[in-house]
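Both backbone and side-chain heavy atoms feed into the values below; hydrogens, waters and symmetry mates do not. Order of listing sets the numbers, starting from 1, for every ligand and every atom in it. Along the sequence shown, the residues carry numbers beginning at 1.
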Amino acid sequence: MIANGERRVVVVEHVVVVGAGLGGVRTVEQLRNQGYRGRISLVGAEPHAPYDRPPLSKQILTGAWAPERIVLKDAEALAGLAVDTHFGVPAVGLTAGAVELADGRSLAADAIVVATGAEARRLPGQPDGVHTLRTLDDALALKAALEEAPSLLVVGAGFIGAEVASAARDRGLAVTVLEAGPVPCERALGPEVGVLCGRMLTEAGVDLRLGTTMAGFADARTVRLAGGTRLSADVVLVGVGAVPRVDWLRTELDLDVTNGLACDASGRVLGADGVWAVGDVAAWDDAGHGGRFRYEHWTSVTDQAAVVARDILGVEAPAPAVPYFWSDQFGLKIQMAGRPQVADSVVPLQGEGLAGGPVKGTVAGYFAGDRFVAVAGFGAAKQVARHRMLLVRGAEKSEVLAG
Ligand SMILES: Cc1cc2nc3c(=O)[nH]c(=O)nc-3n(C[C@H](O)[C@H](O)[C@H](O)COP(=O)(O)OP(=O)(O)OC[C@H]3O[C@@H](n4cnc5c(N)ncnc54)[C@H](O)[C@@H]3O)c2cc1C
């Protein structure tokens with residue numbers, strides 16, 4: 001196919017997308033939406049139809065949804081997009097212009113999109129039987145374990161740990177959460193706002209132990225703390241982040257995989273012509289703020305797929321998107337838009353949560369000097385939506401504080 005883009009003319013006959021999660025599926029959709037009629041191959045390590053991950057720690061765990069409800073595209077929908085699927089067959093190598101599959105086949109392509117996501121980080125010496133949560137199979141195993149258990153111990157107070165704690169409290173389990181840092185979700189929200197996540201946990205009856213360092217596991221139900229104390233529960237979940245899936249690349253290309261696949265601001269993988277990356281595996285240059293960021297956010301994956309599909313076809317990129325994520329826990333929606341990583345101050349924009357008052361309704365603004373760089377809200381969807389627009393417009397601090 002020849003795409004007459006506004007920037008250049010490109011000939012693309014075969015796109016291979018590696019990874020059949022959200023990023024892979026969105027890339028396929030975007031290519032078709034842009035009018036691409038050439039061949040697309042979608043390679044997925046898991047045997048399942050592509051599915052959505054946010055409900056794994058929410059509706060799947062509580063039992064509110066059956067697994068069928070999280071399917072992103074079933075076989076019929078994929079056939080409608082005219083995609084050759086290779087599910088249950090992981091990719092095991094990348095060369096210039098081809099992807100090697102575990103069954104020995106090689107798929108030559110004009111464009112390759114890496115969308116292999118991330119895997120749950122495991123702790124050293126983590127025994128079998130200690131849970132992690134990344135896949136549908138993980139979620140079903142954890143749900144089954146929680147159904148039988150009176151108690152849960154979560155290692156790591158990030159969003160996934162907190163969402164699992166929330167689902168377990170709904171089921172009436174006694175829940176303990178261990179966190180090495182001074183507040184939960186510090187990496188995503190910063191120390192001031194992370195305090196509010198800690199309050200949500202403790203107000204829901206979770207035994208939250210901050211600044212607690214683990215020394216290891218005694219067995220699948222018992223952890224050893226640095227001071228020698230042992231803590232046991234019927235179910236143990238490790239929720240200490242995710243590691244980008246770059247292990248399979250086995251390539252002679254000179255790629256930077258320090259924190260995921262290093263890409264330019266259009267998702268082109270540095271050091272590999274004709275290769276792009278989207279989603280949790282990809283670290284994109286941020287032209288607006290400087291630096292390279294790897295987001296593990298549902299919305300960012302979708303935004304990046306739109307950019308990559310257009311870049312492959314040589315058509316104008318959409319306007320840069322503001323990163324956004326949400327988390328549902330303890331009956332509240334936490335939302336974050338923007339780049340809190342570049343902030344040097346945090347200011348309350350609404351509510352009393354930052355001063356010790358109710359968490360619900362609190363909105364916090366993040367600033368880098370006079371620049372408004374991020375907003376976080378707790379059960380304050382309208383306010384977050386309004387401030388998200390201000391972020392898109394690049395509003396100054398004075399305008400944001402004026403309300
Ligand atoms: C439990 C959970 C809850 C979440 N909740 C939220 C939320 O509330 N809000 C939010 O904003 N974000 C949330 N996220 C994050 C969001 O789901 C991810 O950002 C998103 O799924 C990333 O999409 P992806 O396509 O990059 O990766 P993935 O969804 O991980 O998909 C990658 C796919 O690639 C496949 N793969 C890996 N290696 C290979 C290989 N070698 N060959 C072929 N295929 C391969 C994997 O099997 C997988 O299917 C959550 C994530 C999890 C795990």
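Considering both main-chain and side-chain atoms, Thr299 never comes within under 3.5 Å of ligand 1 through any nitrogen or oxygen pair. Among the atoms of Lys58, some N or O lies under 3.5 angstrom from an N or O of ligand 1. Taking distance alone, with nitrogen or oxygen atoms compared against 3.5 Å, Ala45 approaches ligand 1 more closely than that limit. Taking only nitrogen or oxygen atoms, main chain and side chain alike, Trp298 reaches within less than 3.5 Å of ligand 1. At a 3.5 angstrom cut-off on N or O pairs, Ala91 counts as close to ligand 1. Considering backbone and side-chain atoms alike, Ser57 places every N or O at 3.5 Å or more from each N or O of ligand 1.
The pair Arg134-Glu119 does not meet the salt-bridge criterion, since no charged nitrogen lies less than 4.0 angstrom from a carboxylate oxygen. In summary, Arg53 and Asp280 do not engage in a salt bridge, as defined by a charged side-chain N under 4.0 Å from a carboxylate O. Under the 4.0 Å criterion applied to side-chain N and carboxylate O atoms, Glu29 and Arg26 are assigned as salt-bridge partners.
Atoms of ligand 1 lying under 4.0 Å from any heavy atom of His297, numbered from 1 in the order shown and given with element: 11 (O), 19 (O). If you number the atoms of ligand 1 from 1 as listed, the ones under 4.0 Å from a heavy atom of Gly44 come out as 43 (C), 44 (N). Within ligand 1, counting atoms from 1 as listed, the ones closer than 4.0 Å to a heavy atom of Trp248 are 41 (N). Atoms of ligand 1 found under 4.0 Å from any heavy atom of Leu22, numbered from 1 in the order shown, are 23 (O), 25 (O), 29 (O). Heavy-atom contacts of Gly23 reach the following atoms of ligand 1: 24 (P), 25 (O) (cutoff under 4.0 Å). Less than 4.0 angstrom separates some heavy atom of Gly279 from each of these atoms of ligand 1: 26 (O). Taking a cut-off of under 4.0 Å to the non-hydrogen atoms of Ala115, the atoms of ligand 1 that pass are 32 (C), 33 (C), 34 (O). Under a 4.0 Å criterion applied to the non-hydrogen atoms of Phe325, ligand 1 contributes the atoms 11 (O).
Distance from atom 35 (C) of ligand 1 to its nearest protein heavy atom, with residue and atom name: Gly19 CA, 3.9 Å. Here the heavy atom of the protein found nearest to atom 51 (C) of ligand 1 is Arg53 CB, 3.9 Å. Residue, atom and distance of the protein heavy atom nearest to atom 27 (O) of ligand 1 are Gly117 CA, 3.2 Å. The shortest contact between atom 39 (C) of ligand 1 and any protein heavy atom is with Thr116 CG2, 3.4 Å. The closest protein non-hydrogen atom to atom 46 (C) of ligand 1 is Glu46 OE2, 3.7 Å. Among all non-hydrogen protein atoms, the one lying nearest atom 31 (O) of ligand 1 is Gly21 CA, 3.4 Å. Among protein heavy atoms, the minimum distance from atom 30 (O) of ligand 1 is reached at Arg134 NH2, 2.7 Å.
Looking only at atom types and distance, the side chain of Asp256 has a donor-acceptor partner in the side chain of Thr258 under 3.5 Å away. Residues Asp303 and Ser300 bring no donor and acceptor atom of their side chains to less than 3.5 Å of each other.
Annotation: side chain of His387 is in contact with side chain of Leu349 (closest heavy-atom distance under 4.5 Å). The shortest distance between side-chain heavy atoms of Phe330 and Val359 does not fall below 4.5 Å. Between Lys397 and Ser345 there is a side-chain heavy-atom pair separated by less than 4.5 Å. The closest side-chain heavy-atom distance from Leu178 to Leu225 is below 4.5 Å. Phe159 is listed as a side-chain neighbour of Gln329, based on a closest heavy-atom distance under 4.5 Å. Taking the side chain as every heavy atom from C-beta outward, Leu237 and Leu133 approach each other to under 4.5 Å.
In this pair, Phe293 and Tyr295 present their aromatic rings parallel. The plane angle is below 30°, not in the 30 to 60° band.
Contacts with ligand 1 closer than 4.0 Å are made by heavy atoms of both the backbone and the side chain of Pro54. Of all the heavy atoms of Val301, the ones lying under 4.0 Å from any atom of ligand 1 belong exclusively to the side chain. If you look at Trp326 next to ligand 1, the close heavy atoms, those under 4.0 Å, come from the backbone and the side chain alike. Contacts of Ile160 with ligand 1, taken as heavy-atom pairs under 4.0 Å, involve the side chain alone.
In this structure, of Gln335, His86, Glu296, the residue bringing a heavy atom nearest to atom 15 (C) of ligand 1 is Glu296. Closest to atom 20 (C) of ligand 1 by heavy atom, among Val114, Asp280, Asp247, is Asp280.
How far OG1 of Thr213 is from CZ of Arg224: 13.0 Å, rounded to the nearest 0.5 Å. Atom CG of Leu231 and atom CG of Leu153 lie 6.0 Å apart (nearest 0.5 Å).
Taking each heavy atom of Arg388 and Thr299 in turn, the nearest pair found is NH2-CG2, 4.0 Å.
Looking at Ser151, its side chain never comes within 3.5 Å of a backbone N or O of Ala233 through a donor-acceptor pair.
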